[in-house]
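Positions are given from 1 along the sequence.
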Amino acid sequence: MSRASLFRNIVFWASISTLICSIIVALSYFIGVHLNPQLETGELNWFFTGTFQEFRNWYPNYYLLLFGFAKGIIFLGVPLIFFFLAYASRLIRGQISQVYEWQIWLKEIIAYQPGTNLSFNLKIHLGGFLATLSTFLFFYFISKHLWPQLIIIQLSLARGFFLVGILLVFRIITVELPAVKDKIKDFLFEPCSPNQLAILRIICFGFFAIVCWQYPAFMAPYLELEIVPLPYMEWYTNLVQLSQGQYTIICKVGAIVNLMICIGMFSRSMLIINIPLIFIVIATPNFYGKVFHQHLWIWIPWIMAFSNCYHVWSIDSLIRKKLGKPYQFAQGWTYNFPIRMIWLIFGIIYFMPGFQKLWLGGFDWALSDSMLNQIYLEWYQHYDWRPFIRIDKLPWLIKFGGIMVILFELTYLIFLLFKSLRWVPIFGGILFHITTGLLMKIWFPPVLLMYIFYVNWDKVFSIKMPTFSASNRLFWFHPMIVTGFTLLVFNSIFGLLGIYSYPFSSFPGYSNIIETKIETLYIKGYQGNDQVIDINHLLKKENYRRENDTYYEGRIIEAWKLEANLNRAVTTYWAFLEDHVTSLKEIEKVEVYFQVVSIIPDKSGNPLHSEKIFEFVTRE
């Protein structure tokens with residue numbers, strides 16, 4: 001790698017970033033000081049998320065201009081600045097005659113080192129990325145020191161950094177286009193042993209069979225709640241409304257079907273039949289308010305539905321071998337493509353939360369007290385639990401970790417493309433989930449369990465890869481390819497828009513800026529001679545996760561504030577709790593309190609505000 005090329009690239013991106021940061025800070029300061037109608041409310045995204053009608057109300061005289069600017073800068077601002085610099089560069093150098101020959105100046109401005117050696121030039125691009133990040137963080141810290149109250153500046157800087165990062169990726173693709181094409185093609189269509197896919201079939205569908213069998217007992221209480229259609233799925237809840245008995249039967253059938261796929265009996269038919277079954281089993285309990293992000297358990301069977309995962313290690317393969325018609329291993333890419341598509345799905349799962357953190361929370365998500373408050377909130381929701389390592393005593397480490405989380409999530413997919421760097425996202429992801437599990441009790445097992453797709457099972461079992469025939473024809477409209485890319489496209493759209501639904505969805509971004517105070521419910525129970533029962537103690541004893549009830553508690557608080565009828569909401573919620581924690585059935589009287597509490601451990605003992613909003617007798 002040429003040191004001169006690396007230095008030139010760092011200076012280039014540092015200069016571009018400095019100019020963009022200066023424009024962002026100037027505009028954000030002007031908007032925040034002179035035009036911000038909601039500065040006192042502290043709403044984070046008022047300027048970028050405001051509707052046309054809201055802008056019309058805020059700025060009657062020039063709402064069209066500001067509305068167009070607010071929406072246009074998100075997608076056009078940074079590219080326009082970049083191309084303006086390119087234009088200015090040609091003028092300054094006196095090459096006016098070539099200004100309008102855009103093919104020439106575009107190629108020269110975008111590409112310093114055109115070539116096909118992607119891994120070599122990647123180091124240079126990495127230098128540009130670090131220069132960009134350092135510049136934006138420098139302006140962030142300066143602006144936080146000078147104008148700490150102007151949230152819009154830090155938010156705009158974070159969004160600017162993201163857009164410059166996209167511009168950097170665009171440049172890499174432009175400069176290294178032949179190498180990028182080869183890299184993506186090699187990544188997706190690299191031949192693989194049929195044993196690799198078959199072993200994953202056995203493990204995954206054996207696991208899904210157990211999940212389907214146990215799901216009725218685990219999810220039954222949710223089916224008793226009021227149906228809450230997910231975005232774009234109203235048609236489904238209107239069309240399909242299952243009773244507990246019907247849902248149980250479908251789950252048992254799903255368990256049998258997945259078991260047959262596991263052992264490889266009637267594999268092709270069972271894989272197709274499993275497409276609607278696995279959706280109904282996994283998705284149905286999510287149409288009652290709480291969304292469990294177990295989408296991978298739907299996406300993986302769908303991707304593998306049209307694969308050749310049964311060509312070895314299956315009853316079907318043994319039968320065909322006995323009949324003298326064994327499966328042929330001509331198309332080696334078909335065994336690896338499902339695995340690589342699942343890797344790409346992992347990349348989307350991580351990238352979108354990283355994007356949401358940066359776009360909605362800004363740099364403050366990691367570098368303010370919000371990151372520490374997020375940890376405190378998880379501790380509070382786990383009954384004031386504390387980890388064995390008091391990470392909150394090291395706030396600088398938490399903030400550094402916050403930045404690393406964002407960078408890890410945004411670059412996860414890129415590192416996967418390179419064999420020499422693939423260990424970074426794999427072990428980084430495992431470490432990330434273990435760390436959040438140990439420090440915050442956020443394990444995310446649906447994702448963590450599926451890391452088995454990164455294991456090279458051929459090496460684990462010392463299986464030699466078979467010799468493939470010369471024929472390896474690529475059929476772009478193969479159902480497996482169409483299904484995989486459909487999942488990628490729609491999950492990307494849902495992730496960018498932050499939509500939580502089924503079968504497509506964004507994964508939780510935890511992108512909110514967390515304050516030290518939260519609104520919550522406190523439930524007091526009475527038994528016998530007005531003996532007070534600590535409900536939280538009973539829930540903790542049964543290892544019940546209060547975080548699962550955030551949606552239901554929020555609806556009760558909202559109904560109380562709107563002076564709506566609380567009886568149905570509270571009694572339904574209590575019946576739901578009784579189904580999960582049987583010891584609550586002994587409670588005879590219940591009082592529900594609205595509270596404002598501090599989540600800071602040393603201050604969480606006494607509520608800042610407490611008000612009884614409802615009481616009822618559970619049984620006469």
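The aromatic rings of F162 and W359 lie perpendicular to each other, with more than 60° between the two planes, well past the 30° mark. F485 and F337 have tilted rings, their planes meeting at an angle from 30° to 60° on a 0 to 90° scale. Note: F616 and W574 have perpendicular aromatic rings, judged against thresholds of 30 and 60 degrees for the angle between ring planes. The aromatic rings of F161 and F363 sit tilted, their planes meeting at an angle between 30° and 60°.
Between L584 and L539 there is a side-chain heavy-atom pair separated by less than 4.5 Å. Considering only heavy atoms from C-beta on, V590 stays 4.5 Å or farther from V570 through its side chain. Here the side chains of C204 and I452 are in contact, with some heavy-atom distance below 4.5 Å. Two residues are said to be in side-chain contact when any heavy atoms from C-beta on lie closer than 4.5 Å; M233 and T237 fail this criterion.
For the pair K589 and Y526, the cation-pi test (distance below 6.0 Å, angle within 45°) is passed.
Distance check: L562 CG to L566 CG gives 10.0 Å after rounding to the nearest 0.5 Å. A distance of 12.5 Å separates CZ in F207 from SG in C262, rounded to the nearest 0.5 Å. Between the CH2 atom in W297 and the CD1 atom in I278 there is a gap of 9.5 Å [rounded to 0.5 Å].
Annotation for I406 and A366: closest pair CD1-CB, 4.4 Å, computed over non-hydrogen atoms. Nearest heavy-atom pair across M480 and P338 is SD-CG, 3.2 Å. When all heavy atoms are compared, the tightest approach of I280 to Y247 is O-CE1, 3.7 Å. Across V617 and E588, no two heavy atoms sit closer than the pair CG1-O, 3.4 Å.
Pairs passing the salt bridge (Lys or Arg N to Asp or Glu O under 4.0 Å) check and including a residue from residues 272-289, sequence neighbours excluded, do not occur. Legend: salt bridge (Lys or Arg N to Asp or Glu O under 4.0 Å) pairs involving residues 346-360, not counting sequence neighbours, sorted by first then second residue: K357-E409. Among residue pairs with one or both ends in residues 338-347, those qualifying as side chain to side chain donor-acceptor pair (under 3.5 Å) are E190-R340; sequence neighbours excluded. Sorted by first and then second residue, the salt bridge (Lys or Arg N to Asp or Glu O under 4.0 Å) pairs with a member in residues 245-255 form an empty list; sequence neighbours excluded.
Legend: residues meeting side-chain contact (heavy atoms from CB on, under 4.5 Å) with Q246, ordered by chain and number and at least two apart, are L242, S243. When the salt bridge (charged side-chain N to carboxylate O under 4.0 Å, His left out) test is applied to E226, the partners found at least two apart in sequence or on another chain are R555. F266 pairs by the ring-ring contact (aromatic ring centres under 6.0 Å, His included) definition with nothing, not counting sequence neighbours. Residues forming a salt bridge (charged side-chain N to carboxylate O under 4.0 Å, His left out) with E553 (at least two apart in sequence, or on another chain): R546. Taking the ring-ring contact (aromatic ring centres under 6.0 Å, His included) definition, one finds that Y215 meets it with nothing, sequence neighbours left out. D369 pairs by the salt bridge (charged side-chain N to carboxylate O under 4.0 Å, His left out) definition with nothing, not counting sequence neighbours.
Although no hydrogens or angles enter the test, the distance criterion places no donor-acceptor pair under 3.5 Å between the side chain of N491 and the main chain of L488. Using a distance-only test at 3.5 Å, with no hydrogens or angles considered, no donor-acceptor pair links the side chain of W299 to the main chain of G484. A side-chain donor-acceptor contact under 3.5 Å links W302 to the backbone of I275. With S370 contributing its side chain and I514 its backbone, the two residues share a donor-acceptor pair below 3.5 Å. Counting only distance, with no hydrogens or angles, the side chain of E542 and the backbone of S583 share no donor-acceptor pair below 3.5 Å. In this structure, the side chain of N274 does not engage the main chain of L277 through any donor-acceptor pair within 3.5 Å. No donor-acceptor distance shorter than 3.5 angstrom exists from the side chain of E378 to the backbone of Q374, with no hydrogens or angles considered.
Side chains of Q595 and S610: a donor-acceptor N/O pair is present below 3.5 angstrom, by distance only. T516 and N373 form no side-chain donor-acceptor contact under 3.5 Å, judged by distance and modelled atom types alone. Side-chain polar atoms of Y310 and R201 form no donor-acceptor pair below 3.5 angstrom. Between E234 and Y232, the side chains place no donor N or O within less than 3.5 Å of an acceptor N or O (distance only, hydrogens not considered).
Counting non-hydrogen atoms of other residues, nucleotides and ligands closer than 6.0 Å to CG of N543 gives a total of 12 or fewer. Within a 6.0 Å radius of NE2 in H609, more than 12 heavy atoms belonging to other residues, nucleotides or ligands are found. Counted within 6.0 Å of CH2 on W213, heavy atoms from surrounding residues, nucleotides or ligands total 12 or fewer; the atom is thus considered open. Other residues, nucleotides and ligands contribute only 12 or fewer heavy atoms inside 6.0 Å of the NZ atom of K517.
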Item to complete: Starting from the C-alpha separation in whole Å, work towards a yes-or-no answer on ring pair (Phe, Tyr, Trp, His ring centres under 6.0 Å) for H295 and F507.
Response: CA-CA 9 Å; H295 300 76; F507 265 63; 5.6 Å; yes

Practice prompt. Take F408 and F415, measure what ring pair (Phe, Tyr, Trp, His ring centres under 6.0 Å) needs, and give me the verdict at the end.
Written response: CA-CA 10 Å; F408 162 75; F415 281 113; 9.0 Å; no

For residues 438-451, which side-chain N or O atoms pair as donor and acceptor with protein atoms under 3.5 Å away, sequence neighbours left out?
unit_1	atom_1	unit_2	atom_2	d
Y451	OH	Y350	OH	2.7
Y451	OH	Y412	OH	3.3

Under 3.5 Å, which donor-acceptor pairs link side chains of residues 495-503 to any protein atom two or more places apart or in another chain?
unit_1	atom_1	unit_2	atom_2	d
S501	OG	P231	O	2.8
Y502	OH	F292	O	2.3
Y502	OH	Q294	N	3.2

